[in-house]
Number of protein chains: 2
Amino acid sequence: MTVRTHTKTRAKGEAAFDEPAEEIDIGPLSRMIGYALRRAQIAVFEDFIASLAEVNLRPAQFSVLLVLDRAPGSTQSAVATALGIKRANFVAMLDELESRGLAERKLSVNDKRSNAIFLTVHGRKTLARARALALQHETRQIARLGDDGLDTLLRLLGRLSAR
Amino acid sequence: MTVRTHTKTRAKGEAAFDEPAEEIDIGPLSRMIGYALRRAQIAVFEDFIASLAEVNLRPAQFSVLLVLDRAPGSTQSAVATALGIKRANFVAMLDELESRGLAERKLSVNDKRSNAIFLTVHGRKTLARARALALQHETRQIARLGDDGLDTLLRLLGRLSAR
DNA sequence: TATTGTTATACTCTATAACTATA
DNA sequence: TATAGTTATAGAGTATAACAATA
(Lines give C-alpha, C1' and ligand atoms only; values in the text may rest on other atoms or scores of the structure.)
Protein backbone atom coordinates (compact mmCIF):
# COMPACT_ATOMS: atom_id res chain seq x y z
CA MET A 1 0.00 0.00 0.00
CA THR A 2 1.15 3.49 -0.82
CA VAL A 3 0.88 6.18 1.80
CA ARG A 4 0.11 9.58 0.30
CA THR A 5 -0.11 12.93 1.97
CA HIS A 6 -2.06 16.02 1.14
CA THR A 7 -0.86 17.23 -2.28
CA LYS A 8 -1.81 19.95 -4.74
CA THR A 9 -1.44 19.69 -8.49
CA ARG A 10 1.75 21.61 -9.02
CA ALA A 11 4.57 22.17 -11.49
CA LYS A 12 7.35 19.58 -11.28
CA GLY A 13 10.13 20.30 -8.84
CA GLU A 14 8.21 23.05 -7.12
CA ALA A 15 8.05 22.88 -3.33
CA ALA A 16 5.61 24.26 -0.78
CA PHE A 17 5.30 24.34 2.97
CA ASP A 18 2.01 22.55 3.23
CA GLU A 19 2.75 19.87 0.72
CA PRO A 20 4.94 17.12 2.13
CA ALA A 21 6.41 14.32 0.06
CA GLU A 22 4.14 11.51 -1.06
CA GLU A 23 5.20 9.17 1.70
CA ILE A 24 5.88 10.16 5.26
CA ASP A 25 9.26 9.17 6.58
CA ILE A 26 8.90 8.77 10.33
CA GLY A 27 12.51 9.85 10.66
CA PRO A 28 14.17 9.85 14.11
CA LEU A 29 11.27 7.80 15.46
CA SER A 30 12.72 4.67 13.89
CA ARG A 31 15.84 5.06 16.02
CA MET A 32 13.95 5.43 19.27
CA ILE A 33 14.24 2.33 21.44
CA GLY A 34 10.62 2.22 22.60
CA TYR A 35 9.26 2.57 19.09
CA ALA A 36 11.55 -0.10 17.67
CA LEU A 37 10.69 -2.40 20.58
CA ARG A 38 6.97 -1.93 20.02
CA ARG A 39 7.17 -2.70 16.31
CA ALA A 40 9.30 -5.79 16.90
CA GLN A 41 7.02 -7.02 19.67
CA ILE A 42 3.94 -6.65 17.49
CA ALA A 43 5.58 -8.54 14.63
CA VAL A 44 6.82 -11.36 16.86
CA PHE A 45 3.49 -11.72 18.68
CA GLU A 46 1.66 -11.82 15.35
CA ASP A 47 3.87 -14.66 14.20
CA PHE A 48 3.44 -16.42 17.53
CA ILE A 49 -0.35 -16.21 17.39
CA ALA A 50 -0.41 -17.48 13.81
CA SER A 51 2.00 -20.28 14.73
CA LEU A 52 -0.20 -21.47 17.59
CA ALA A 53 -3.52 -21.01 15.78
CA GLU A 54 -3.98 -24.78 15.68
CA VAL A 55 -4.13 -24.95 19.50
CA ASN A 56 -5.80 -21.55 19.79
CA LEU A 57 -3.48 -20.24 22.49
CA ARG A 58 -2.52 -16.59 22.88
CA PRO A 59 0.93 -15.73 24.27
CA ALA A 60 -0.40 -15.10 27.78
CA GLN A 61 -2.37 -18.36 27.80
CA PHE A 62 0.65 -20.31 26.62
CA SER A 63 2.76 -18.75 29.37
CA VAL A 64 0.20 -19.82 31.99
CA LEU A 65 0.24 -23.44 30.76
CA LEU A 66 4.04 -23.41 30.80
CA VAL A 67 4.12 -22.20 34.39
CA LEU A 68 1.47 -24.69 35.52
CA ASP A 69 3.50 -27.48 33.99
CA ARG A 70 6.62 -26.34 35.81
CA ALA A 71 4.92 -25.58 39.12
CA PRO A 72 1.76 -27.67 39.38
CA GLY A 73 -0.42 -26.91 42.37
CA SER A 74 0.55 -23.25 42.50
CA THR A 75 -2.06 -20.80 43.71
CA GLN A 76 -3.72 -18.36 41.35
CA SER A 77 -1.95 -15.43 42.96
CA ALA A 78 1.45 -17.07 42.60
CA VAL A 79 0.97 -17.81 38.91
CA ALA A 80 -0.48 -14.39 38.19
CA THR A 81 2.28 -12.55 40.02
CA ALA A 82 5.04 -14.59 38.39
CA LEU A 83 3.68 -13.60 34.99
CA GLY A 84 2.96 -9.98 35.82
CA ILE A 85 -0.81 -10.44 35.63
CA LYS A 86 -3.13 -8.80 38.19
CA ARG A 87 -4.94 -11.50 40.15
CA ALA A 88 -8.28 -9.86 39.39
CA ASN A 89 -7.65 -10.21 35.67
CA PHE A 90 -6.35 -13.74 36.08
CA VAL A 91 -9.77 -14.99 37.17
CA ALA A 92 -11.38 -14.74 33.71
CA MET A 93 -8.25 -16.12 32.08
CA LEU A 94 -8.32 -19.21 34.27
CA ASP A 95 -12.08 -19.50 33.78
CA GLU A 96 -11.49 -19.88 30.06
CA LEU A 97 -8.63 -22.36 30.41
CA GLU A 98 -10.79 -24.35 32.79
CA SER A 99 -13.88 -24.22 30.54
CA ARG A 100 -11.71 -25.50 27.70
CA GLY A 101 -10.61 -28.39 29.86
CA LEU A 102 -6.94 -27.36 29.87
CA ALA A 103 -6.51 -26.52 33.56
CA GLU A 104 -8.42 -27.05 36.76
CA ARG A 105 -8.80 -25.44 40.15
CA LYS A 106 -8.64 -27.73 43.17
CA LEU A 107 -9.63 -26.62 46.62
CA SER A 108 -6.60 -26.36 48.84
CA VAL A 109 -6.88 -28.38 52.05
CA ASN A 110 -4.25 -26.39 53.96
CA ASP A 111 -5.40 -22.90 53.14
CA LYS A 112 -9.06 -22.82 52.29
CA ARG A 113 -8.76 -19.35 50.81
CA SER A 114 -6.65 -20.51 47.90
CA ASN A 115 -6.99 -22.77 44.91
CA ALA A 116 -4.26 -25.12 43.73
CA ILE A 117 -4.11 -25.00 39.94
CA PHE A 118 -3.19 -27.97 37.76
CA LEU A 119 -3.04 -28.87 34.11
CA THR A 120 -5.49 -31.55 33.08
CA VAL A 121 -4.37 -34.48 30.93
CA HIS A 122 -5.81 -32.62 27.96
CA GLY A 123 -3.92 -29.52 29.10
CA ARG A 124 -0.64 -31.44 29.10
CA LYS A 125 -1.31 -32.88 25.65
CA THR A 126 -2.23 -29.47 24.29
CA LEU A 127 0.85 -27.93 25.86
CA ALA A 128 3.06 -30.57 24.26
CA ARG A 129 1.70 -29.68 20.85
CA ALA A 130 1.86 -25.96 21.64
CA ARG A 131 5.52 -26.34 22.63
CA ALA A 132 6.34 -27.92 19.28
CA LEU A 133 4.58 -25.10 17.44
CA ALA A 134 6.23 -22.45 19.62
CA LEU A 135 9.60 -24.03 18.90
CA GLN A 136 9.01 -23.64 15.18
CA HIS A 137 8.06 -20.02 15.73
CA GLU A 138 11.10 -19.45 17.90
CA THR A 139 13.41 -21.12 15.41
CA ARG A 140 12.08 -18.82 12.70
CA GLN A 141 12.76 -15.73 14.80
CA ILE A 142 16.23 -16.93 15.76
CA ALA A 143 17.05 -17.50 12.10
CA ARG A 144 16.13 -13.89 11.41
CA LEU A 145 18.46 -12.67 14.11
CA GLY A 146 21.45 -14.42 12.60
CA ASP A 147 24.56 -15.76 14.22
CA ASP A 148 24.56 -15.32 17.99
CA GLY A 149 21.87 -12.69 17.55
CA LEU A 150 19.67 -14.41 20.13
CA ASP A 151 22.11 -14.26 23.02
CA THR A 152 22.95 -10.67 22.21
CA LEU A 153 19.31 -9.66 21.94
CA LEU A 154 18.31 -11.35 25.20
CA ARG A 155 21.23 -9.75 27.01
CA LEU A 156 20.28 -6.28 25.76
CA LEU A 157 16.56 -6.74 26.45
CA GLY A 158 17.39 -7.95 29.94
CA ARG A 159 19.25 -4.72 30.61
CA LEU A 160 16.18 -2.70 29.60
CA SER A 161 13.80 -4.79 31.71
CA ALA A 162 15.87 -4.83 34.86
CA ARG A 163 14.17 -3.47 38.02
CA MET B 1 7.32 -8.51 46.99
CA THR B 2 7.63 -12.23 47.58
CA VAL B 3 5.69 -14.59 45.38
CA ARG B 4 4.54 -17.65 47.25
CA THR B 5 2.81 -20.71 45.95
CA HIS B 6 0.49 -23.16 47.54
CA THR B 7 2.37 -24.81 50.42
CA LYS B 8 1.58 -27.27 53.17
CA THR B 9 3.23 -27.30 56.57
CA ARG B 10 5.75 -30.05 56.13
CA ALA B 11 8.99 -31.44 57.54
CA LYS B 12 12.11 -29.71 56.26
CA GLY B 13 13.59 -31.10 53.05
CA GLU B 14 10.53 -33.11 52.27
CA ALA B 15 9.16 -32.75 48.75
CA ALA B 16 5.73 -33.30 47.24
CA PHE B 17 4.19 -33.16 43.81
CA ASP B 18 1.60 -30.53 44.57
CA GLU B 19 3.85 -28.24 46.53
CA PRO B 20 6.12 -26.18 44.30
CA ALA B 21 8.93 -24.04 45.60
CA GLU B 22 8.05 -20.76 47.30
CA GLU B 23 8.68 -18.67 44.23
CA ILE B 24 7.78 -19.68 40.74
CA ASP B 25 10.65 -19.62 38.27
CA ILE B 26 9.16 -18.96 34.86
CA GLY B 27 11.98 -20.98 33.35
CA PRO B 28 12.30 -21.27 29.55
CA LEU B 29 9.82 -18.43 29.17
CA SER B 30 12.53 -15.93 29.98
CA ARG B 31 14.49 -17.07 26.95
CA MET B 32 11.59 -16.72 24.55
CA ILE B 33 11.99 -13.74 22.27
CA GLY B 34 8.38 -12.55 22.40
CA TYR B 35 8.26 -12.68 26.18
CA ALA B 36 11.57 -10.84 26.59
CA LEU B 37 10.45 -8.23 24.04
CA ARG B 38 7.19 -7.65 25.87
CA ARG B 39 8.85 -7.17 29.24
CA ALA B 40 11.42 -4.78 27.80
CA GLN B 41 8.78 -2.83 25.91
CA ILE B 42 6.66 -2.42 29.04
CA ALA B 43 9.64 -1.23 31.06
CA VAL B 44 10.79 1.24 28.41
CA PHE B 45 7.28 2.62 27.83
CA GLU B 46 6.81 3.06 31.57
CA ASP B 47 9.98 5.09 31.74
CA PHE B 48 8.95 7.07 28.68
CA ILE B 49 5.54 7.94 30.12
CA ALA B 50 7.07 8.98 33.43
CA SER B 51 9.70 11.02 31.61
CA LEU B 52 7.10 12.94 29.61
CA ALA B 53 4.60 13.34 32.46
CA GLU B 54 5.29 17.08 32.53
CA VAL B 55 3.90 17.48 28.98
CA ASN B 56 1.34 14.71 29.44
CA LEU B 57 2.14 12.93 26.20
CA ARG B 58 1.85 9.20 25.67
CA PRO B 59 4.23 7.46 23.25
CA ALA B 60 1.67 7.42 20.43
CA GLN B 61 0.80 11.08 20.91
CA PHE B 62 4.46 12.04 20.90
CA SER B 63 4.98 10.10 17.67
CA VAL B 64 2.09 11.97 16.03
CA LEU B 65 3.55 15.36 16.98
CA LEU B 66 6.95 14.28 15.65
CA VAL B 67 5.46 13.27 12.32
CA LEU B 68 3.39 16.45 12.03
CA ASP B 69 6.51 18.50 12.65
CA ARG B 70 8.38 16.62 9.92
CA ALA B 71 5.51 16.52 7.44
CA PRO B 72 3.16 19.43 8.15
CA GLY B 73 -0.03 19.46 6.13
CA SER B 74 -0.21 15.69 5.86
CA THR B 75 -3.63 14.12 5.73
CA GLN B 76 -5.00 12.14 8.66
CA SER B 77 -4.80 8.93 6.69
CA ALA B 78 -1.16 9.51 5.78
CA VAL B 79 -0.13 10.16 9.37
CA ALA B 80 -2.15 7.27 10.73
CA THR B 81 -0.82 4.80 8.16
CA ALA B 82 2.78 5.92 8.64
CA LEU B 83 2.44 5.18 12.36
CA GLY B 84 0.50 1.94 12.00
CA ILE B 85 -2.69 3.43 13.46
CA LYS B 86 -6.10 2.64 11.94
CA ARG B 87 -7.63 5.83 10.57
CA ALA B 88 -10.84 5.15 12.52
CA ASN B 89 -8.87 5.13 15.77
CA PHE B 90 -6.87 8.17 14.75
CA VAL B 91 -9.96 10.41 14.83
CA ALA B 92 -10.30 10.45 18.62
CA MET B 93 -6.54 10.80 19.02
CA LEU B 94 -6.48 13.89 16.83
CA ASP B 95 -9.61 15.21 18.54
CA GLU B 96 -7.71 15.22 21.81
CA LEU B 97 -4.58 16.81 20.38
CA GLU B 98 -6.78 19.46 18.79
CA SER B 99 -8.81 20.08 21.96
CA ARG B 100 -5.55 20.56 23.81
CA GLY B 101 -4.49 23.11 21.25
CA LEU B 102 -1.49 21.10 20.06
CA ALA B 103 -2.59 20.34 16.49
CA GLU B 104 -5.25 21.56 14.10
CA ARG B 105 -7.19 20.29 11.12
CA LYS B 106 -7.43 22.58 8.13
CA LEU B 107 -9.81 21.96 5.28
CA SER B 108 -7.91 21.00 2.18
CA VAL B 109 -8.70 23.19 -0.81
CA ASN B 110 -7.57 20.64 -3.42
CA ASP B 111 -9.33 17.58 -2.08
CA LYS B 112 -12.34 18.49 -0.02
CA ARG B 113 -12.51 14.98 1.44
CA SER B 114 -9.30 15.34 3.39
CA ASN B 115 -7.92 17.45 6.20
CA ALA B 116 -4.43 18.88 6.25
CA ILE B 117 -3.03 18.54 9.77
CA PHE B 118 -0.64 21.03 11.34
CA LEU B 119 0.99 21.66 14.67
CA THR B 120 -0.10 24.88 16.36
CA VAL B 121 2.45 27.26 17.84
CA HIS B 122 1.65 25.73 21.21
CA GLY B 123 2.10 22.29 19.66
CA ARG B 124 5.57 23.21 18.44
CA LYS B 125 6.54 24.61 21.83
CA THR B 126 5.24 21.54 23.60
CA LEU B 127 7.02 19.27 21.15
CA ALA B 128 10.29 21.10 21.76
CA ARG B 129 9.99 20.45 25.49
CA ALA B 130 8.83 16.88 24.87
CA ARG B 131 11.86 16.26 22.67
CA ALA B 132 14.18 17.37 25.46
CA LEU B 133 12.45 15.07 27.93
CA ALA B 134 12.43 12.19 25.44
CA LEU B 135 16.14 12.70 24.88
CA GLN B 136 16.78 12.30 28.61
CA HIS B 137 14.71 9.14 28.60
CA GLU B 138 16.53 7.84 25.55
CA THR B 139 19.93 8.68 27.01
CA ARG B 140 19.02 6.70 30.12
CA GLN B 141 18.03 3.65 28.08
CA ILE B 142 21.15 3.88 25.93
CA ALA B 143 23.30 4.00 29.04
CA ARG B 144 21.69 0.76 30.19
CA LEU B 145 22.52 -0.92 26.92
CA GLY B 146 26.20 -0.13 27.23
CA ASP B 147 28.83 0.33 24.58
CA ASP B 148 27.42 0.09 21.05
CA GLY B 149 24.40 -1.67 22.50
CA LEU B 150 22.03 0.71 20.76
CA ASP B 151 23.18 0.03 17.23
CA THR B 152 23.21 -3.69 17.88
CA LEU B 153 19.75 -3.65 19.43
CA LEU B 154 18.21 -1.57 16.63
CA ARG B 155 19.74 -3.83 14.02
CA LEU B 156 18.35 -6.96 15.70
CA LEU B 157 14.91 -5.44 16.30
CA GLY B 158 14.81 -4.33 12.67
CA ARG B 159 15.33 -7.92 11.58
CA LEU B 160 12.37 -9.03 13.67
CA SER B 161 10.10 -6.26 12.40
CA ALA B 162 10.92 -6.64 8.72
CA ARG B 163 7.96 -7.28 6.38
C1' DT C 1 -5.49 -7.30 60.42
C1' DA C 2 -3.93 -9.45 56.11
C1' DT C 3 -4.56 -12.43 52.13
C1' DT C 4 -7.19 -15.26 48.32
C1' DG C 5 -10.32 -15.33 45.02
C1' DT C 6 -13.87 -12.79 43.16
C1' DT C 7 -16.97 -9.11 41.10
C1' DA C 8 -17.68 -4.75 39.23
C1' DT C 9 -15.98 -1.22 36.75
C1' DA C 10 -13.33 1.80 33.84
C1' DC C 11 -9.90 3.13 30.71
C1' DT C 12 -6.73 2.21 26.83
C1' DC C 13 -5.73 0.03 22.51
C1' DT C 14 -7.12 -2.26 18.60
C1' DA C 15 -10.25 -4.01 14.86
C1' DT C 16 -14.31 -3.95 11.61
C1' DA C 17 -18.41 -2.34 9.37
C1' DA C 18 -20.94 1.19 7.57
C1' DC C 19 -22.15 5.96 6.66
C1' DT C 20 -21.24 10.88 4.15
C1' DA C 21 -19.09 13.71 1.15
C1' DT C 22 -16.26 14.02 -2.05
C1' DA C 23 -13.20 12.31 -6.03
C1' DT D 1 -16.25 3.03 -8.05
C1' DA D 2 -12.90 4.44 -4.75
C1' DT D 3 -11.13 7.31 -0.95
C1' DA D 4 -11.08 10.51 3.53
C1' DG D 5 -13.01 11.24 7.58
C1' DT D 6 -16.26 9.76 10.73
C1' DT D 7 -19.34 7.00 13.89
C1' DA D 8 -20.58 3.01 16.30
C1' DT D 9 -19.25 -0.98 18.26
C1' DA D 10 -16.80 -4.89 20.03
C1' DG D 11 -12.89 -7.25 21.80
C1' DA D 12 -8.51 -7.52 24.16
C1' DG D 13 -5.58 -5.94 27.89
C1' DT D 14 -4.91 -3.57 32.09
C1' DA D 15 -5.93 -1.00 36.54
C1' DT D 16 -8.42 -0.13 41.04
C1' DA D 17 -11.80 -0.70 44.70
C1' DA D 18 -14.43 -3.50 47.46
C1' DC D 19 -16.49 -7.75 49.25
C1' DA D 20 -16.73 -12.70 51.48
C1' DA D 21 -14.21 -16.39 53.27
C1' DT D 22 -10.33 -17.60 55.58
C1' DA D 23 -5.81 -16.98 57.83
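These numbers were taken from a predicted model, which means no experiment stands behind them. Protein chains get the first letters and strands the later ones, always in sequence-line order, with residue 1 at the start of each.
- The phosphate of dG5(D) has OP1 or OP2 within less than 4.0 Å of a side-chain N or O from Ser77(B).
- For Asp111(A), whose side chain is taken as the heavy atoms from C-beta onward, the closest listed nucleotide among dG5(D), dA23(D), dT6(C) is dA23(D).
- A donor-acceptor contact under 3.5 Å is not formed by the side chain of Arg113(B) with the base of dG5(D).
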**OP:** Summarise protein proximity over nucleotides 12-17 of chain C in one line of letters, 5' to 3': B for base, S for sugar-phosphate only, - for none, counting protein heavy atoms closer than 4.0 Å.
**Re:** SSBBBB
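- Rounded to whole Å, the distance from CG on Leu94(B) to C1' on dA4(D) is 13 Å.
- Following rounding to the nearest Å, Asp95(B) (CG) and dT7(D) (C1') show an atom-to-atom distance of 11 Å.
- Leu153(A) is listed as a side-chain neighbour of Leu160(B), based on a closest heavy-atom distance under 4.5 Å.
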Original post:
Given the rule in the side chain to side chain donor-acceptor pair (under 3.5 Å) test, do Ser99(A) and Asp95(A) qualify, once you have shown the distances and angles that lead to the verdict?
Top reply: CA-CA 6 Å; Ser99(A) 76; Asp95(A) 284 348; over 6 Å; no
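- Note: CZ (Phe90(A)) to C1' (dG13(D)) measures 15 Å, nearest angstrom.
- Remark: Arg39(B) pairs with Ser161(A), Tyr35(B) by the side-chain contact (heavy atoms from CB on, under 4.5 Å) rule, at least two apart or across chains.
- Proximity note for Arg87(B) (side chain, C-beta onward) versus dG5(C), dT22(D), dT6(D): the nearest is dT6(D).
- When the P atom of dT7(D) is taken as reference, atom CE of Met93(B) falls 16 Å away, rounded to whole Å.
- Placement of Ile26(B) and Val79(A) within a single hydrophobic cluster is found when ILVMFWY residues are connected by side-chain heavy-atom separations under 4.5 Å, directly or transitively.
- Salt-bridge formation is detected for the pair Arg70(A)/Asp25(B): a Lys NZ or Arg NE/NH1/NH2 atom is positioned less than 4.0 Å from an Asp or Glu carboxylate oxygen.
- As rounded to whole Å, 16 Å separates atom P of dT4(C) from atom CG of Leu107(A).
- To the nearest 0.5 Å, the span separating CZ on Arg159(A) from CD on Gln141(B) amounts to 13.0 Å.
- Looking at Asp69(A) and Arg131(A), their side chains come closer than 4.5 Å, going by heavy atoms from C-beta outward.
- Atom CD in Glu98(A) sits about 14 Å away from atom C1' in dT6(C), given to the nearest Å.
- For the pair Gln76(B) CD and dT6(D) C1', the computed distance is 9 Å after rounding to whole Å.
- Protein atom CG of Asn56(B) is 14 Å distant from nucleotide atom C1' of dC11(C), rounded to whole Å.
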